[in-house]
Asks: 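My questions will all concern the structure given below.
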2 protein chains.
Amino acid sequence: MFTTSDLAETASLVGEPARAAMLMALMDGRALTAGELARAAGVTPQTASGHLARMSAAGLLAVHCQGRHHYHRLASPAVARMLESIIEVSQGEPGRPRRAIVTGPRDAAMRAARTCYDHLAGQLGVRLADSLAARGHVELSPEGGAVTDAGIAFFRDFGLGLDAAPGSGKRVFCRPCVDWSERRLHVGGTIGAALAAHCFALGWIRRNERSRTITVTPAGERGFRDTFGA
Amino acid sequence: MFTTSDLAETASLVGEPARAAMLMALMDGRALTAGELARAAGVTPQTASGHLARMSAAGLLAVHCQGRHHYHRLASPAVARMLESIIEVSQGEPGRPRRAIVTGPRDAAMRAARTCYDHLAGQLGVRLADSLAARGHVELSPEGGAVTDAGIAFFRDFGLGLDAAPGSGKRVFCRPCVDWSERRLHVGGTIGAALAAHCFALGWIRRNERSRTITVTPAGERGFRDTFGA
DNA sequence: GACACGTTTCGGGTAGCACCGAAGTCAGCA
DNA sequence: TGCTGACTTCGGTGCTACCCGAAACGTGTC
């Protein structure tokens with residue numbers, strides 16, 4: 001069972017600016033040290049330590065100690081999904097315009113391409129999703145998403161190891177994820193994670209230091225154009 | 001764009017016991033008056049009023065004034081999804097047992113059958129989902145869900161008006177929703193909502209006053225057994 | 001119009017907690 | 001073994017906001 005106080009407890013952990021900033025910093029799926037998270041949240045290490053201990057105890061974060069560094073990461077994809085859904089509500093209705101924000105170059109890089117827990121987001125993520133949908137490889141809707149039979153063959157050719165056999169009748173789902181900068185859907189879930197991991201392995205994209213942004217390499221430019229037409 | 005403070009602001013609204021209790025009371029999708037919500041949260045009307053105003057301003061609730069009663073409801077399915085995802089995280093890992101709670105008869109009724117925003121949940125919801133999955137009418141996984149072609153025909157025979165044409169190639173998705181009492185998946189999304197609405201229309205189930213629980217009528221017992229084998 | 005009822009606004013009391021300074025613990029290194 | 005750096009624990013301070021009593025507002029009823 002569960003009680004409403006459990007709901008409030010979890011939500012109140014997220015509902016504090018310093019902790020929210022730490023969680024957002026971890027949304028790229030990497031593990032960061034306590035000091036890095038303290039800087040990301042703009043608080044002193046001792047304050048951050050208390051926050052991290054509480055979030056770990058509540059099952060929001062997982063800790064991995066290595067020497068004198070303590071690496072923290074989101075405990076599970078469910079936590080990432082929770083944060084996404086809160087962000088979606090925070091954005092309000094698309095119709096109602098929110099206050100404009102002066103966007104610096106850093107924000108431009110964020111909009112261009114970034115990771116969203118374990119898959120690709122930003123303009124790159126949306127472009128890929130659009131291309132995959134236009135070619136009939138995936139179907140995406142706010143309600144859900146799935147990889148078509150043609151898509152399974154395509155991803156297999158591309159080099160992704162898919163667990164489900166094409167003839168098994170079992171559908172490969174791709175979770176639709178609302179992009180908070182583009183306000184459009186991109187491909188998440190296991191297929192999104194596998195796709196992102198493969199692009200990293202191919203050297204098409206690489207992570208930038210101290211940021212959730214990613215850079216598309218020249219090889220990636222060619223690859224995305226030739227393989228995805230995007 | 002959005003900022004981390006938006007995330008914290010929304011989460012902090014949910015992360016307060018009185019407000020969380022009100023939101024949970026609204027999770028059945030109905031609209032309740034300010035006074036009813038005050039009682040549900042265990043606070044005075046004037047305290048509840050302040051909370052409701054803040055949640056409405058933030059876009060979590062929608063208000064509908066009728067005479068001297070103000071009816072509040074969840075502003076959108078996105079809010080319901082957000083609450084579900086927070087609950088999912090609040091429950092922790094299935095492996096780690098949470099503190100046992102003495103469950104009274106009221107809780108037993110909740111576990112048996114209730115509504116979850118707009119669809120059926122509890123043992124009834126899970127039983128229906130299992131039956132539909134076993135017969136190949138839907139496919140459900142934590143990543144997503146879809147109605148099969150056979151399922152579309154089945155639901156059409158049952159009397160549900162489905163928007164997507166069977167031959168259009170467009171998939172009808174059903175959002176998987178983690179049941180917080182059964183810890184299993186049940187059928188949500190538009191198909192789940194349509195299914196629940198049709199069962200209400202057929203008189204198979206009816207709402208109980210002042211509770212999210214629902215009762216299966218004798219006609220419903222027969223109907224669920226004959227039509228769904230559940 | 002007087003009254004009852006549901007809801008909202010205002011003001012002050014209070015509890016909780018986020019924050020930081022200082023000190024303690026632990027790992028790595030010379 | 002002493003030193004440095006990363007992290008945690010402890011104690012005290014200050015602010016936020018939750019809460020309720022009192023009163024005002026609007027609406028439906030007699």
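Residue numbering restarts at 1 for every chain, and letters A, B, ... go by the order of the sequence lines.
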Asks: Report the residues that fulfil side chain to side chain contact (heavy atoms under 4.5 Å, CB included) with Ser12(B), sequence neighbours left out, ordered by chain and then residue number.
Replies: none

Asks: Can you list everything that forms a side-chain hydrogen bond (donor to acceptor under 3.5 Å, both in side chains) with Arg73(A)? Sequence neighbours excluded, please.
Replies: none

Asks: Are there any protein N/O atoms within less than 3.5 Å of an N/O atom in nucleotides 24-30 of chain C, and if so, which ones and at what distance?
Replies:
none

Asks: Would you jot down, in residue-number order, the residues of residues 12-44 of chain A having a non-hydrogen atom under 4.0 Å from DNA chain D?
Replies: Thr33(A), Ala34(A), Gly35(A)

Asks: At their closest point, which heavy atom of Phe173(A) faces which heavy atom of Ile191(A), and how far apart are they?
Replies: O-CG2, 4.0 Å

Asks: Does anything in residues 114-126 of chain A form a salt bridge (charged side-chain N to carboxylate O under 4.0 Å, His left out)? List the pairs, not counting sequence neighbours.
Replies: Arg114(A)-Asp179(A)

Asks: Looking only at side-chain atoms of His51(B), point me to the closest of dC19(C), dC18(D), dT7(C).
Replies: dC18(D)

Asks: So for the helix from dG1(C)-dC30(D) to dA30(C)-dT1(D), with five pairs setting each end axis, what is the inter-axis angle to 10°?
Replies: 20°

Asks: So, OP1 or OP2 of dC18(D): does either fall under 4.0 Å of a side-chain N or O from Arg54(B)?
Replies: yes

Asks: Does a nitrogen or oxygen in the side chain of His69(B) sit under 4.0 Å from OP1 or OP2 of dT27(D)?
Replies: no

Asks: Test of understanding: with side chain to side chain contact (heavy atoms under 4.5 Å, CB included), list the residues that count as partners of Ala194(B), not counting sequence neighbours.
Replies: Leu160(B)

Asks: Just jot down the side-chain hydrogen bond (donor to acceptor under 3.5 Å, both in side chains) partners of Thr217(A), sequence neighbours excluded, or say none.
Replies: none

Asks: Check nucleotides 9-13 of chain D against the protein and report each pair of N or O atoms closer than 3.5 Å, with its distance, or say if there are none.
Replies:
none

Asks: Salt bridge (charged side-chain N to carboxylate O under 4.0 Å, His left out): which pairs involve residues 20-32 of chain A, sequence neighbours left out?
Replies: Asp28(A)-Arg30(A)

Asks: Kindly give the heavy-atom pair with the smallest separation between Leu52(B) and Met22(B), and that separation in Å.
Replies: CD2-SD, 3.7 Å

Asks: Using the salt bridge (Lys or Arg N to Asp or Glu O under 4.0 Å) criterion, which residues pair with Glu36(A)? Sequence neighbours excluded.
Replies: Arg210(A)

Asks: Tell me which pairs pass ring pair (Phe, Tyr, Trp, His ring centres under 6.0 Å) where either residue lies in residues 200-220 of chain A, with sequence neighbours left out.
Replies: Phe158(A)-Trp204(A), Trp204(A)-Phe224(A)

Asks: When you check the phosphate oxygens OP1 and OP2 of dG6(C), does a side-chain N or O of His70(B) lie under 4.0 Å from one of them?
Replies: no

Asks: Go through the steps for Arg54(B) and Glu16(B) under the test salt bridge (Lys or Arg N to Asp or Glu O under 4.0 Å), then give the verdict.
Replies: CA-CA 12 Å; Arg54(B) 288 181 60 182; Glu16(B) 201 276 331; over 6 Å; no

